[in-house]
Amino acid sequence: MTPGRGLSAVAASLAAAALLTACSDSSDPADSSRSPGTSGLPDVGAEPDVPMLAVATDDLAITSDGTQLIADCRPGICRWDTGTGEVSVARGSHLALGEDGTVAGVRGDATVVLVDIDSGTTRAELEGLDSAGSSPAVAFSATGALLAAGNDAGRVVVWQVDTRDVLASFEVGDAVYGLAFDADERRLAVTGETGTSVHDSADGAPLSEVAGAAPGAAVAWSPDGAFLATSGSAGSASVWRTDDYEEVASLDTSGVERLAFSPDSRTLAVTTLADLDVTLWHPAALRPGRTARAPRADEVQRLSGLTSAPGAVVFSPDGETVYAVADPDGVRAWSTSTAEPTLTFDPPP
């Protein structure tokens, strides 16, 4: 399996098909034998082709108001209340969450389908991706105005969601594993088998190759747009300055799984392929007043408490809490100031 690609990517191209089937199904959400760890496999009977997971680990989203966490789980799409830890389940599955409660998946015919997570209503069907492939990548921009999808043939398409128009369609040369828009929605980072490249969101024009970025799905922009984080050489996590895409910080790891920036752009949460802890990394190069003449050491905190390796990770909007998802643990939360665990968000039984 490709570094940074979780088990749930194995059959991600089926996610929208399962999502649509579920949204049109009024039966009990618990009455489902699909394998959620594969991002929405349809029912496969008593002996599925892939292991049944309590919660999928390659995607975790938090709503902009910080009140809900969202991830695929065994019954469907799990939504946890961040204040109480209580969970509710919507039928279906998803590959990306938009700002307005829209979830996205890729149907087998390569149509990107947008569905309202509450009502199950199909909001839009976006065409232009030539094939779904085995594990498509999908990402919304921060406001939900743009959506990008990429496939394992290297095709990337960007849509204007409200008009459903294709803004850009381009090739990157090999399989696409991860996509991320910057906060201004002007740049799109594409990471995959051949490393990472940055493109103009409006027309797909190449802006830069990130020399030294390694294959993988991990990619994140700092909210201030000044830095980009990816997998680096020899399994490291790397931070690149975005005015020239030079590497400014590197953290040795066992192989990066996912990355997330804090809201103040000063801290990275890092999960790896073989580590049970989440790492809070405070690169000196990202601190206010940073200068080449006044180097300071990076700071690292370890967040423990999981029983299996975590996948996706997110910060709360105020930056005071970091969340990570692991199977079978569910989602765990830690205080970013004390590095102590706070709440536990269990998957449904």
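Sequence positions, counted from 1, serve as the residue numbers for this chain. As a basis for the values below, the full set of heavy atoms in this structure was taken, side chains included, without hydrogen atoms, waters or symmetry mates.
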Q: If you compare all heavy atoms of T82 against all heavy atoms of G66, which two are closest, and at what distance to 0.1 Å?
A: OG1-O, 2.6 Å

Q: Within a strict 4.5 Å, meaning less than it, do heavy atoms of the T67 and D81 side chains meet?
A: no

Q: Rounded to the nearest 0.5 Å, what separates atom CG in L286 from atom CG in L268?
A: 6.5 Å

Q: If you look at every heavy atom in P310 and E257, which pair is closest and at what distance?
A: O-CG, 4.0 Å

Q: Taking salt bridge (Lys or Arg N to Asp or Glu O under 4.0 Å) as the test, write out the residues that go with D252, two or more places apart.
A: none

Q: Only counting residues at least two apart or in another chain, list the ones meeting ring pair (Phe, Tyr, Trp, His ring centres under 6.0 Å) with H282.
A: none

Q: So, using side chain to side chain contact (heavy atoms under 4.5 Å, CB included) as the criterion, who are the partners of S88 when residues are at least two apart?
A: R79

Q: Establish whether V190 and F181 are linked, either directly or via other cluster members, by ILVMFWY side-chain heavy-atom contacts under 4.5 Å.
A: yes

Q: By side chain to side chain contact (heavy atoms under 4.5 Å, CB included), which residues pair with D162, not counting sequence neighbours?
A: Q160

Q: Answer yes if V256 and V278 sit in the same cluster of Ile, Leu, Val, Met, Phe, Trp and Tyr residues linked by side chain heavy atoms under 4.5 Å apart, and no otherwise.
A: no

Q: In chain order, what residues pass the salt bridge (Lys or Arg N to Asp or Glu O under 4.0 Å) check against E86, with sequence neighbours excluded?
A: none

Q: Which atoms form the tightest heavy-atom contact between F261 and P223, and what is the distance?
A: CB-CD, 3.7 Å

Q: Same cluster for W281 and W334 if Ile/Leu/Val/Met/Phe/Trp/Tyr side chains link at under 4.5 Å?
A: no

Q: Can you give the donor-acceptor pairs under 3.5 Å from side chains of residues 228-239 to other protein atoms, not counting sequence neighbours?
A:
from	atom 1	to	atom 2	distance (Å)
T230	OG1	W240	NE1	2.9
S236	OG	S233	N	3.4
S236	OG	S233	O	2.9
S238	OG	E247	OE2	2.6

Q: So P136 and L95, do their side chains get closer than 4.5 Å, heavy atoms only?
A: yes

Q: Is the shortest side-chain heavy-atom distance between D327 and D329 below 4.5 Å?
A: no

Q: I'd like to know if E246 pairs up with R241 as an ion pair, taking the criterion as any Lys NZ or Arg NE/NH1/NH2 lying under 4.0 Å from an Asp or Glu carboxylate oxygen.
A: no

Q: Ignoring hydrogens and angles, write down the donor-acceptor pairs under 3.5 Å from the side chains of residues 317-326, residues two or more places apart or on other chains.
A:
from	atom 1	to	atom 2	distance (Å)
D318	OD1	S316	OG	2.6
D318	OD1	E320	N	2.9

Q: For S254 versus L273, what's the shortest heavy-atom pair and its separation?
A: OG-N, 4.1 Å

Q: Verify whether one side chain among Q301 and T279 offers a donor that lies under 3.5 Å from an acceptor in the other.
A: no

Q: Please identify each residue that fulfils salt bridge (Lys or Arg N to Asp or Glu O under 4.0 Å) with D184, with sequence neighbours left out.
A: none

Q: Sort and list the pairs that fulfil side chain to side chain donor-acceptor pair (under 3.5 Å) and have at least one residue in residues 207-222, not counting sequence neighbours.
A: S222-D224

Q: Tell me the closest heavy-atom pair linking A71 and L60, and the distance in Å.
A: CB-CD1, 4.1 Å

Q: Work out which heavy atom in V198 is nearest to a heavy atom in R187; give both atom names and the distance.
A: CG1-CB, 4.1 Å

Q: Does F170 have any ring pair (Phe, Tyr, Trp, His ring centres under 6.0 Å) partners at least two apart in sequence or in another chain, and if so, which?
A: H199

Q: Is the number of heavy atoms from other residues, nucleotides or ligands under 6.0 Å of R186 CZ greater than 12?
A: no

Q: Run the salt-bridge test on E127 and R107 with the 4.0 Å N-O cut-off and return the result as yes or no.
A: no

Q: What pairs of donor and acceptor atoms, side-chain ones from residues 339-349 against any protein atom, are under 3.5 angstrom apart with sequence neighbours left out?
A:
from	atom 1	to	atom 2	distance (Å)
T342	OG1	A333	O	3.3

Q: Mind checking salt bridge (Lys or Arg N to Asp or Glu O under 4.0 Å) for D65 and listing every partner two or more places apart, or none if nothing turns up?
A: none

Q: Which value, rounded to the nearest 0.5 Å, describes the distance between F227 atom CZ and S265 atom OG?
A: 8.0 Å

Q: Between R266 and D264, does at least one N-O distance fall below 4.0 Å, as a salt bridge requires?
A: no

Q: Which residue, T111, V115, D109, V112, forms the side chain to side chain contact (heavy atoms under 4.5 Å, CB included) with E125?
A: T111

